[in-house]
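Each remark here refers to the structure printed beneath this line.
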Amino acid sequence: RRPALITFMKALILAGGMGTRLRPLTLSTPKPLLPLLDRPMVMHIIDSLPAEVDTVVLAVSYMKDLLEGYFLKHDCGRKVVLVNEEEPLGTGGAVRNVRQYLDGTFLCFNGDIISSLDLNDMLAFHRRHGGIGTLALWRVQDPSAFGVVGLEGARITVFQEKPAPGEAISDLINAGVYVFEPELLEHIPPGVVSLERQVFPNVLDRGLYGYRFDGHWVDCGTPAGYLEAQRALLERGRTKVAPAIVRGSELIGPNYIDGASLSGCRVGPFVCALPGASIGEGSTVEGSVLMEGATIGRGCTVRACLLGPGTMVKDGSALQGRALAPLRGRQAGLH
Ligand code: GDD
Ligand code: MG
């Protein structure tokens with residue numbers, strides 16, 4: 001029996017998308033396992049969960065074997081349940097598909113969000129308002145790539161998923177972090193269902209509330225978002241300077257350099273270089289990630305690039321805003 005005063009809670013992470021906007025990186029590594037500094041993207045979410053969350057349910061589909069492999073090897077201090085969808089069921093279908101693992105009020109996350117959200121405060125807000133669900137909200141300049149809400153006080157009165165440019169009714173977007181009551185499950189029909197397009201607009205009258213927060217928020221699902229998330233973490237002090245070899249190089253912080261070799265190069269700010277990566281003589285690298293074993297030759301300029309594991313940038317190259325496919329068979333984020 002559980003002690004009377006301790007409540008346990010479940011968190012659901014939607015992690016079955018194909019990560020198409022991060023191809024070619026996501027052709028060999030599922031988006032939730034792509035490394036953001038020292039750990040896979042999804043671990044940033046898991047590590048931010050309140051202590052009362054004892055079980056993490058991951059709704060998976062695309063490359064589920066790699067996710068399973070990761071969680072078999074890495075103990076994240078909580079029970080982890082992976083629930084597979086043979087065919088992706090959409091964000092709503094994915095929630096319905098795990099209903100047997102949910103009991104009371106639960107947290108739900110898009111698996112590609114990095115934020116400073118205080119989940120305990122959001123839970124308290126949800127309990128105060130007593131609705132069927134609470135959505136974290138974030139203000140952006142161009143809301144057209146997101147879900148947009150209209151509010152009356154704290155109550156959401158309109159939900160528009162990815163409105164056409166100029167049609168958004170506000171600049172407040174769905175940040176992809178939710179608190180839901182189990183009653184929400186009754187509003188998700190079987191099959192492929194979008195939470196945002198088919199469920200939220202139908203439950204507004206059951207009380208859907210918007211919780212706003214400060215700090216930072218990034219959707220890492222695009223190359224620009226991925227690098228912005230890396231930058232946000234570095235700006236908040238998640239830095240490291242532990243090169244394997246450093247010969248006459250200039251480091252302009254903040255950076256995260258872990259076991260990479262640097263010779264006669266200029267690195268930073270906002271560079272992440274993971275074990276086995278290397279940067280050669282006379283190269284300049286800024287705002288980029290070098291995954292495990294990625295190599296930049298001599299005399300290169302690399303800016304705003306995502307270099308997959310084992311990739312090679314030839315001597316004298318100038319690259320900007322590129323994502324390079326990993327060497328065949330290499331996966332990222334599994335260290
Ligand atoms: N299990 C499962 N099955 N997961 C899925 C599926 C599916 O069929 N489809 C998508 N997901 C997961 C993705 O892996 C991701 O973690 C999350 O659901 C959201 O999907 P994205 O593809 O990243 O959606 P988005 O970024 O275009 O839009 C969503 O996020 C925005 C905030 O970043 C929406 O929720 C928007 O309303 C929101 O503003
Ligand atoms: Mg996304």
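Just so you know, ligand 1 is whichever comes first in the structure, and atom 1 is the first atom listed for that ligand.
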Open item on the list: Before moving on, can you tell me the angle at the Mg ion (ligand 2) between the OD2 atom of D219 and the OD2 atom of D112, to the nearest 10 degrees?
Closed with: 110°
Task: G90 neighbourhood, listing ligand 1 atoms whose heavy-atom distance to it stays under 4.0 Å - done: 3 (N), 7 (C), 8 (O)
Task: D219-ligand 1 polar pair, N/O distance under 3.5 Å - done: yes
Task: Note: K79-D54 ion pair, threshold 4.0 Å (strictly below) - done: no
Open item on the list: How far is atom 3 (N) of ligand 1 from the closest protein heavy atom, and which atom is that?
Closed with: E85 OE1, 2.9 Å
- [ ] Would you confirm whether any non-hydrogen atom of the protein falls under 4.0 Å from atom 20 (O) of ligand 1?
- [x] no
Open item on the list: Once you restrict to heavy atoms under 4.0 Å, what part of N110 touches ligand 1? Side chain, backbone, both or neither.
Closed with: both
Task: Selection from A145, G17, S61 by shortest heavy-atom distance to atom 6 (C) of ligand 1 - done: G17
Open item on the list: Tell me whether the rings of F125 and Y209 are parallel (<30°), tilted (30 to 60°) or perpendicular (>60°).
Closed with: perpendicular
Open item on the list: Give me the residue, atom name and distance of the protein heavy atom closest to atom 23 (O) of ligand 1.
Closed with: D112 OD2, 2.8 Å
TODO: With atom 37 (O) of ligand 1 as the reference point, say which of K162, E161, R21 has the nearest heavy atom.
DONE: E161
Open item on the list: Would you say CZ of R236 has more than 12 non-hydrogen atoms from neighbouring residues, nucleotides or ligands within 6.0 angstrom?
Closed with: yes
Task: R155 CZ: over 12 foreign heavy atoms closer than 6.0 Å - done: yes
Open item on the list: Ring centres under 6.0 Å, that's the criterion: do Y178 and F200 meet it?
Closed with: yes
Task: SB check R139 D171 (cutoff 4.0 Å) - done: yes
Open item on the list: Here's a test for you: under side chain to side chain contact (heavy atoms under 4.5 Å, CB included), which of V83, V42, N84 qualifies with L58?
Closed with: V42
Open item on the list: List ligand 1 atoms under 4.0 Å from L89, heavy atoms only on the residue side.
Closed with: 8 (O)
Task: Residue portion contacting ligand 1 (non-hydrogen atoms closer than 4.0 Å) for R197 - done: neither
TODO: Please say whether G111 places an N or O atom under 3.5 Å from an N or O atom belonging to ligand 1.
DONE: yes
Task: Top protein contact for atom 38 (C) of ligand 1, by heavy-atom distance - done: N174 O, 3.2 Å
Open item on the list: I need the atoms of ligand 1 closer than 4.0 Å to a non-hydrogen atom of E196, numbered in the order shown.
Closed with: 34 (C), 35 (O), 37 (O)
Open item on the list: For K31, is there any backbone N or O sitting under 3.5 Å from a side-chain donor or acceptor partner on T26?
Closed with: no
- [ ] Give the atoms of ligand 1, by number and element, whose distance to some non-hydrogen atom of W217 is under 4.0 Å.
- [x] 32 (C), 33 (O)
Task: Structural part of F200 in contact with ligand 1, heavy atom criterion under 4.0 angstrom - done: neither
Task: Under-4.0 Å salt bridge between R303 and E286 - done: yes
Open item on the list: Using heavy-atom distances only, which candidate in P88, G147, G16, S194 approaches atom 2 (C) of ligand 1 most closely?
Closed with: G16
Open item on the list: For W217, run the side chain to side chain contact (heavy atoms under 4.5 Å, CB included) check against I173, L137, L117 and tell me which one passes.
Closed with: I173
TODO: Please indicate whether R127 has more than 12 foreign heavy atoms, meaning atoms of other residues, nucleotides or ligands, lying under 6.0 Å from its CZ.
DONE: yes
Open item on the list: So if I count the atoms of ligand 1 from 1 in the order they appear, which ones are less than 4.0 Å from some heavy atom of A59?
Closed with: 1 (N)
TODO: Might you confirm whether atom CG of D214 has over 12 heavy atoms from other residues, nucleotides or ligands at distances under 6.0 Å?
DONE: no
Open item on the list: Testing the 3.5 Å rule here: is there a donor-acceptor pair between the side chains of R39 and H74?
Closed with: no
Open item on the list: Distance under 4.0 Å to a non-hydrogen atom of K31: what atoms of ligand 1 satisfy this?
Closed with: 23 (O)
Open item on the list: Show me which atoms of ligand 1 lie under 4.0 Å from any heavy atom of Y178.
Closed with: 35 (O)
Open item on the list: Suppose I only count heavy atoms of I113 and a 4.0 Å limit; which atoms of ligand 1 are within that range?
Closed with: 33 (O)
